[in-house]
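Naming convention: chains lettered A, B, ... in sequence-line order (proteins, then strands); numbering from 1 in each chain. Scope of the values below: all heavy atoms of this structure, side chains included, with no hydrogens, waters or symmetry mates.
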Amino acid sequence: MQSITESLNKQQAQAVTAEPKSALILAGAGSGKTRVLTSRIAYLLQQNMAHPSEILAVTFTNKAAKEMLARLQNMIPINPRAMWVGTFHGLCNRLLRLHHQEAGLPSTFAILDMSDQLGVIKRVMKANGIDTEEFKPREVQNFINRCKEEGKRASEVYSKFSKDKAYIQIYAMYEAVLQREGACDFAELLLRAYELLSRNEMIRHHYQERFRFILVDEFQDTNVLQYEWLKLLAGLGEKNPPNAVFAVGDDDQSIYAFRGANVGNMMSFVQEFRIGEPIRLEQNYRSQGNILDAANALISNNSERMGKNLWTDAGKGEKIRANRSDNDFDEARFVCSTIQEYIDKGVSPEDIAILYRSNAQSRLFETELTRRGIPFMVYGGLRFFDRAEIKNAMAYMRLAENPSDDSAFLRVVNVPARGIGAKSIENLVDFATTNGISLFESMQYIRGAAANKFAAFKEIIDTLRVAKDEMPLPAFVDFTVEKSGLRNMYELDPNGSERIENLQELTSAAQGFIKEEAIDTENSDGTAVENLSALAGFVSHASLEAGENQAQVGQDAVQLMTVHASKGLEFDIVFITGLEEDMFPHFRSKNDKKALQEERRLMYVAITRARKELYLTLAEERMLQGRSFSSYPSSFLTEIPGETLKWLSRNPFESRYEAEDEDSWGSRSGSNKNYSSSYRNSSCGGSTKPSGHRFASNVPEWAKGIIETKKEKLQTQKIRAKQNSDSPYKAGININHEKFGPGVILDTQGAGDDMVLIVKFKTGGIKNLLARIAGKKITIL
DNA sequence: TCTGCGTCTTTTTTT
DNA sequence: AAGACGCAGA
């Protein structure tokens, strides 16, 4: 115990050795937050207050989780296996895998990332004839995610606005599709896990008994659902006292409201868990005085803070330096030449960071650094698991794992090209939606030219399904790349060599995964325990932990990243770039007081990343989406005390009278107006497509039946139909279908469970119905 | 069915 | 500026 607390300051020690009940730690930037968290766990274990299996620790990134474990193992010798440490998403995934049955999911459920999710939404909308011009899939996606983050299913959302009503209907259809495909999007992981716990008393009590100590990092970034999940797990209102929740957060660093984070959770936590007084960590061990003064001054412009003032006993240090260049190219040149000077003086590149508000800004710095031969690393660019070739290979593996994963199916059914074109796929999708089965299963019912093509694809997937149980994961990855034809495809592509390398890298990733994350059986106490197969683990790993490791690869390099990505990191020398009004703060935030305050917190985060030296840079003119704009300096610059700041260029806030005429300064926003009004014209006025129906609850126009084209096929079908003499369904019989109404059976094919009815409905369309499914909905007239 | 070309949109941030 | 998407022609 001595060793754990001995080098802590008073407040830190107070937090670490607090009584084993719930507590809130308000930890300012650079105040030793991670240290306190890990020390707390070490303390609990060492004092025998807790057994490792009783500890649940939630972080926001996988990186943070890993770091926590690593530091912990440095402090005390323990086997971290028994603890649950991870992100909300990772832990929920784990919970759902263990209890998939109770959660209503197949053990092999797929995890959809953002682009998969968008794809499903587009598919759902198309299948139901919803105009994607009028209802933008992106907005639908946001709507759905927002609902889920508030814990609401489609049936629980109400709105009087017609647009919302439409969204709600799409949400409902989307829910149904996900359920059928056995897939979860990110928010679904949380919502499902929440529902699992709240509905299943046994499971809930089990985990409530188990996790007596819950530690939460970055508590200010939790959303409504996550907080509810925590309350459930802690047994608030059920258990007296509830489990000890040790929440660490900083309201001033809340920068994820845009994705549903709710700072209000901190206040609620204090009330609901009856926290007396939060423990404040205000001594900053990171930054020099000037930097800290600037950060404090800036953030004091925000209202509704919990209140906290960072101090340091380090000296004032260098003044912050500001520089305004003529344009963005010059800005990049200024930043990089300054970096060059530091490197020449012996500073190592990895201690230098370039921060920007949005990803698009990185390009100029990249080219300039390349030109100078300075090594650099871009965080959060295209992530390894987001690369097309990797996603393709993963899709094959997902299908091997879970053939009803339609997203994966659609991604690779014709990659490499197998002559399965849009039309065949459309037919297949129609058949699948009409009958409510997966695309994979539907393949066998397709006749005609496409049948052989589908059979070839099915053969590949079937082979993979067998292979996955017969070889170790890395070998299976390799086999997949081979058998799918992806390797061959990229080998034939003259530009494919990098993709081949990446696919090779995927095999090593699988190897690394096995080594590091070795998935083991849980729970010695006999509750529902299930082994996650290595493949299932790897597949979800690819969705959930996409590429955070790659950042560590390029060791000694200048670090480039968005301000968001920089949270939790620190560097000797930091450049905050693009400090222009409408850029940072971003123009989409400027008319919303709350959003503007979040921008300010973002700036606060950026400033507090710096240990020794801080540069603030901006440009008068900047290329944006192909156009050039002039701009005002960021209003945040005026909130930084003059005595901490030194302008290397002319100070744009002095001598305003001699500044350029208003026109050139204001033209950024002027042009913007033009831009948005012309945008409006095109989307409101000149819509070329008639935006007629919103919901075609009946038959989608494009659904024209599958087999009507070829006469010869009809012939063979007629022969088949004769074999079905024991079935009540025969050509020529009139029927009525619950959903599609009256119709006549044109033909049948197949027999028994596989029997398909080809029905012409009065409403116009010809549909192919699987007899065993449609049977319940059909009456013979 | 596939390919290439032209048009349109986009990004603020991410588990 | 770059990527997604749709369309037309091979």
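Proximity of A:R138 to the phosphate of B:dT11: a side-chain N or O atom is located under 4.0 Å from OP1 or OP2. For the OP1/OP2 pair of B:dT12 and a distance below 4.0 Å, the side-chain nitrogens and oxygens of A:R357 include no atom meeting the criterion. Side-chain nitrogen and oxygen atoms of A:N359 include at least one within less than 4.0 Å of the OP1 or OP2 phosphate oxygen of B:dT13. The shortest distance between the side-chain N/O atoms of A:H564 and the OP1/OP2 oxygens of B:dT13 is not below 4.0 Å. Of the side-chain N and O atoms in A:K63, none sit less than 4.0 angstrom from OP1 or OP2 of B:dT15. At the phosphate of B:dT1, OP1 or OP2 sits under 4.0 Å from a side-chain N or O atom of A:S424. When the side-chain nitrogen and oxygen atoms of A:T562 are compared with OP1 and OP2 of B:dT14, one or more of them lie within a distance under 4.0 Å. Taking side-chain N and O atoms only, A:N414 has a distance below 4.0 Å to OP1 or OP2 of B:dC2.
Straight-line distance from the CE atom of A:M114 to the P atom of C:dA4: 15 Å, rounded to whole Å. Between the CG atom of A:L624 and the C1' atom of B:dT11 there is a distance of 10 Å, given to the nearest Å. Rounded to an integer number of Å, the gap from CG of A:D386 to C1' of C:dG3 is 15 Å. Between the CG atom of A:L569 and the C1' atom of B:dT14 there is a distance of 15 Å, given to the nearest Å. In this structure, A:Q361 atom CD and B:dT12 atom P are separated by 11 Å, rounded to whole Å. Taking atom CD of A:E139 as the reference point, atom C1' of B:dT12 lies 16 Å away to the nearest angstrom. For the pair A:L118 CG and B:dT14 P, the computed distance is 17 Å after rounding to whole Å. The interatomic distance linking A:K567 (NZ) with B:dT14 (C1') rounds to 11 Å, in whole Å.
Judged by the 6.0 Å and 45° rule, A:R588 forms no cation-pi pair with A:F258.
Here A:E598 lies out of heavy-atom contact (under 4.0 Å) with every strand. Note on A:R601: nothing from the nucleic acid sits closer than 4.0 angstrom, heavy atoms only. Counting non-hydrogen atoms under 4.0 angstrom, A:M623 reaches nothing in the nucleic acid. Among the heavy atoms of the strands, none lies under 4.0 Å from A:K453. Contact annotation for A:A417: backbone-only contact, meaning every heavy-atom pair under 4.0 Å involves sugar-phosphate atoms and none involves a base.
Comparing B:dT1, B:dT14, B:dT11 by their closest approach to the side chain of A:A360 singles out B:dT11. Of all nucleotides listed (B:dT11, B:dT15, B:dT10), B:dT11 comes nearest to the side chain of A:R588. Of the candidates C:dA1, B:dT14, B:dT15, the closest approach to any side-chain atom of A:Y256 belongs to B:dT14. Among the nucleotides B:dT10, B:dT14, B:dT12, the one closest to the side chain of A:R259 is B:dT14. With distances taken from any side-chain atom of A:K423 to the nucleotides B:dT12, B:dT15, B:dT1, the minimum falls on B:dT1. If you check B:dT13, B:dT14, C:dC5 against the side chain of A:S358, the one that comes closest is B:dT13.
A salt bridge links A:D405 with A:R398; the closest basic N to acidic carboxylate O contact falls under 4.0 Å. A salt bridge does not link A:R411 to A:D116: none of the charged nitrogens lies less than 4.0 Å from a carboxylate oxygen. Between A:K148 and A:D185 there is a salt bridge, since a side-chain N of the basic residue sits under 4.0 Å from a carboxylate O of the acidic one. Of the charged side-chain nitrogens involved, at least one lies within less than 4.0 Å of a carboxylate oxygen, so that A:R601 and A:E598 count as a salt-bridged pair.
Classified by interplanar angle (parallel below 30°, tilted 30° to 60°, perpendicular above 60°), the ring pair A:Y227/A:F269 is perpendicular.
Per the stacking criterion (ring centres < 5.5 Å, plane angle < 30°), A:F186 does not stack onto the base of B:dT15.
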For nucleotides 8-10 of chain C, list the nitrogen or oxygen atoms of the protein found under 3.5 Å from its nitrogen or oxygen atoms, one pair per line.
none

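When the nearest nucleotides of DNA chain B are assigned to A:S589 and A:L190 by heavy-atom distance, the more 5′-ward of the two goes with A:S589. Residues A:T87 and A:H586 each lie close to DNA chain B; by heavy-atom proximity, the contact nearer the 5' end of the strand is made by A:H586.
With sequence neighbours left out, the ring-ring contact (aromatic ring centres under 6.0 Å, His included) criterion links A:F143 to A:Y167.
A gap of 24 Å separates the C1' atoms of C:dC5 and B:dT12, to the nearest Å. Rounded to whole Å, the P atom of C:dA4 lies 15 Å from the corresponding atom of B:dT13.
Annotation for A:K231: atom NZ counts as buried by contact number, over 12 foreign heavy atoms lying within 6.0 Å.
The ring of A:F376 has its center no closer than 6.0 angstrom to the ring center of A:F365.
Looking only at side-chain heavy atoms (C-beta outward), A:E621 and A:S325 stay at 4.5 Å or farther from each other.
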